[in-house]
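Here the structure comes first, spelled out in structure tokens, and everything after it is commentary.
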2 protein chains.
Amino acid sequence: MVTIADVARHAGVSSSTVSYVLSGKRAISAETKRRVESSVQELGYHPNAGARALAARRSHIVALMVPLRTDVYVPVMMEIAIAVTTAARQHGYDVLLITNDEGPAGVRRIGASGLADGLILMDVELDDQRIPVLQSRGIQAALIGLPDDPGGLSCVDHDFAEAGALCADHLADLGHREVAFIGYGTGVYTRHAGYAERTLTGFGERAEQRGLRFVHRPCDGTYESTAGTLARILADRPETTGFVVQNEGAIGPLLTLLRSSGRIVPEDASVIALCQAQLAEQFAPRLTSVTGSAQELGRVAVEQIMRRITAAGAGERPVDERVLLTPELTVRASTGPAPRTGSQN
Amino acid sequence: MVTIADVARHAGVSSSTVSYVLSGKRAISAETKRRVESSVQELGYHPNAGARALAARRSHIVALMVPLRTDVYVPVMMEIAIAVTTAARQHGYDVLLITNDEGPAGVRRIGASGLADGLILMDVELDDQRIPVLQSRGIQAALIGLPDDPGGLSCVDHDFAEAGALCADHLADLGHREVAFIGYGTGVYTRHAGYAERTLTGFGERAEQRGLRFVHRPCDGTYESTAGTLARILADRPETTGFVVQNEGAIGPLLTLLRSSGRIVPEDASVIALCQAQLAEQFAPRLTSVTGSAQELGRVAVEQIMRRITAAGAGERPVDERVLLTPELTVRASTGPAPRTGSQN
DNA sequence: TCGAAGTGTCGAAGCGCTTAAACAGATGTC
DNA sequence: GACATCTGTTTAAGCGCTTCGACACTTCGA
């Protein structure tokens, strides 16, 4: 194992000089710097993480707490996790993966052990139990998801209300009058996931403003569930010509079911999906979608936590930022003008 | 911050005694143990991770290297990552997430810095560049995926050859004579991903033994690609009645396309998917599938790396294990007896 | 009864790094 | 020419933990 002392000896300087070259915290002459750097290269030196964390009281690790639950679309989680990891590396940080099932105790563990300098929490609920722990222990954190009361923490999320509103606007612009919102399973609403509630609210308000009649139906994304949901919608409101789907799992079944009910997309029915572009393009016809960047979400969370860690390290009070990312509507082949005549069952 | 000295003072013992109570490495009287443990509870003590790593030369962290590439089905990656994290916690370990794009340099970094006690590598290629680094530096590792030459490292993987063979057997048992294997995109084959090659070989050999005529067609999983692939298969071999799909993205399109070509599944065509049970059950009809447990993969990898870390810590030479998990065929509604008459275009 | 062996606890060294303080030498100021 | 100032480097004191060796005391066998 190569230590800082080995590098110092090799370069003919003291180990503190090596440390200062590496951290840049003191002025070092160009010549010394060069010698040290080439010794580092030559010996393949990497500072011992434990020793560094102990001495500097900073681990250069951020913890990322991911949900175990699967009612969130998994590829999006993964995309965020990867974006966080990549962004963190650019700050010289590594990412520790911990799961939601550790709950508030996990947050306490990470904070008290100094394993991580900060936490990024995913899938934050409106009234999240982990937040008070964070606050009382003074653990630096960035939340992906917007709780009711972020109280001093930084948060970033998609602007789901805007996403919902974009869907309503697009359908209204195309002349639809009766639309249906196919949401997540009821469980997602009862546990108060912000994204589900906010999308629905944003959609509902804009729909009302635009004079759209609409129904909201929860749907857990299986084929059967989607079939039941669609059947109910068409029975209650046979004039429905616009569909907004938020549950990714329901998209495929919905398209199949519309087709087998004799409805052509987009001539007879328009479909907007709230999902990743990649997924929207996988269907036939390609789906008009409203999409936010999962990567951006991860990247912003990392920037936020880095600023907080830096501030806290300098003895300043970290500022609590609140960022909402604007989603985009991409028109593809699944939406079109509302049919002139009534229903066509 | 509460330290071991605080606990010692509170319990009226020396800090080394506290350490021994926590690690169990020396005999401690029942009474002392009780006192220490209740002090730990009361003060909410968590050992400082950096200090512990430095003194014990063990970080209690394993690194998990995940691919950035997206041609592997993402939910499976995530499932493995979660299983690894959960299993590691049961050994008192945490998981550091690093991405494949750091490559061999990343492996070196983790090894040299002592950040992690061991590495779990996902998506290991047949001739993986990271393996020689692991070997030369003596870094403990468990591979998920079976390379050509694991040389001293532990590996675990699904028995993909067996998975392929199960598909061939099932179709042969049902009386099919002409079958098609819809694989991953060509890129997966050219970079020698073991899972793709081994499944195909296992399928091909068993198909030959059972007197099946078969074609293999790569497919990158988009709707267009699947349409092209299916069209070619039906043009070349109109008598084809059995389909094996490995690319998860191609499943939905394939079903839609078969239906629109007038083929009813399973009456006119049988479809077997090589995918998670959860996914197979999401389609209509529910798909007969061959599935291996992603969770088990992660769990076994953790067990392997833990055994290696323990052995290396005790100065022993770790044994290189090689485990293949047997996949299971689950018959659902997408496979049935081969149609009696010829094709039905 | 004595030495050997076993049990339970403590003291202190040291893991590899950071950083405050000290210091040596060059440079500038009046 | 004496002093302050700046630049670049070193010395040394920890950071909080583990673990080796020492030690006090008990138990056992001869």
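Below, chain A is the first sequence line, B the second, and so on; all start at residue 1.
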Practice item. Would you mind building the protein contact string for nucleotides 6-15 of chain C? One character per nucleotide, 5' to 3', B for base within reach (heavy atoms under 4.0 Å), S for sugar-phosphate only, - for untouched. Key: --SBBB--BB

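At whole-Å resolution of the value, CZ in A:Arg35 and C1' in D:dG8 are 12 Å apart. Distance, A:Asn48 CG to C:dG16 C1': 6 Å, rounded to whole Å. Summarising the geometry, the separation between NE2 on B:His46 and C1' on D:dC17 is reported as 16 Å, rounded to the nearest angstrom. Rounded to whole Å, the distance from OH on A:Tyr45 to P on C:dG16 is 10 Å. For A:Arg9 and C:dG16, the CZ to P distance is 12 Å, given to the nearest whole Å.
Annotation for A:Glu31: atom CD counts as buried by contact number, over 12 foreign heavy atoms lying within 6.0 Å.
Nearer to the 5' terminus of DNA chain D, by closest-nucleotide assignment, is the contact made by B:Gly50 (compared with the other of B:Gly50 and B:Ser23).
Taking five base pairs at each end of the helix from C:dT1-D:dA30 to C:dC30-D:dG1, the local helix axes there meet at an angle of 40°, rounded to 10°.
A distance-only check finds a donor-acceptor pair linking the side chain of B:Asp157 to the backbone of B:Leu146 [under 3.5 Å].
Contact check for B:Asp6 versus B:Arg9: side-chain heavy atoms found under the 4.5 Å cut-off.
Under the 4.0 Å criterion applied to side-chain N and carboxylate O atoms, A:Asp123 and A:Arg191 are assigned as salt-bridge partners. Salt-bridge annotation for A:Arg34 and A:Glu37: absent, with no side-chain N of the basic residue lying under 4.0 Å from a carboxylate O of the acidic one. Between B:Glu321 and B:Arg308 there is no salt bridge, since no side-chain nitrogen of the basic residue lies less than 4.0 Å from a carboxylate oxygen of the acidic one. Note on B:Arg109 versus A:Asp94: salt bridge recorded, some NZ/NE/NH1/NH2 to OD/OE distance being below 4.0 Å.
Checked by atom type, the side-chain pair B:Asp117/B:Ser59 shows a donor-acceptor distance below 3.5 Å. For the residue pair B:Ser19 and B:Ser16, no side-chain donor N or O sits within less than 3.5 Å of a side-chain acceptor on the partner.
A sub-4.0 Å separation between OP1 or OP2 of C:dT18 and a side-chain N or O of A:Lys25 is absent. Of the side-chain N and O atoms in B:Ser19, none sit less than 4.0 angstrom from OP1 or OP2 of D:dC17.
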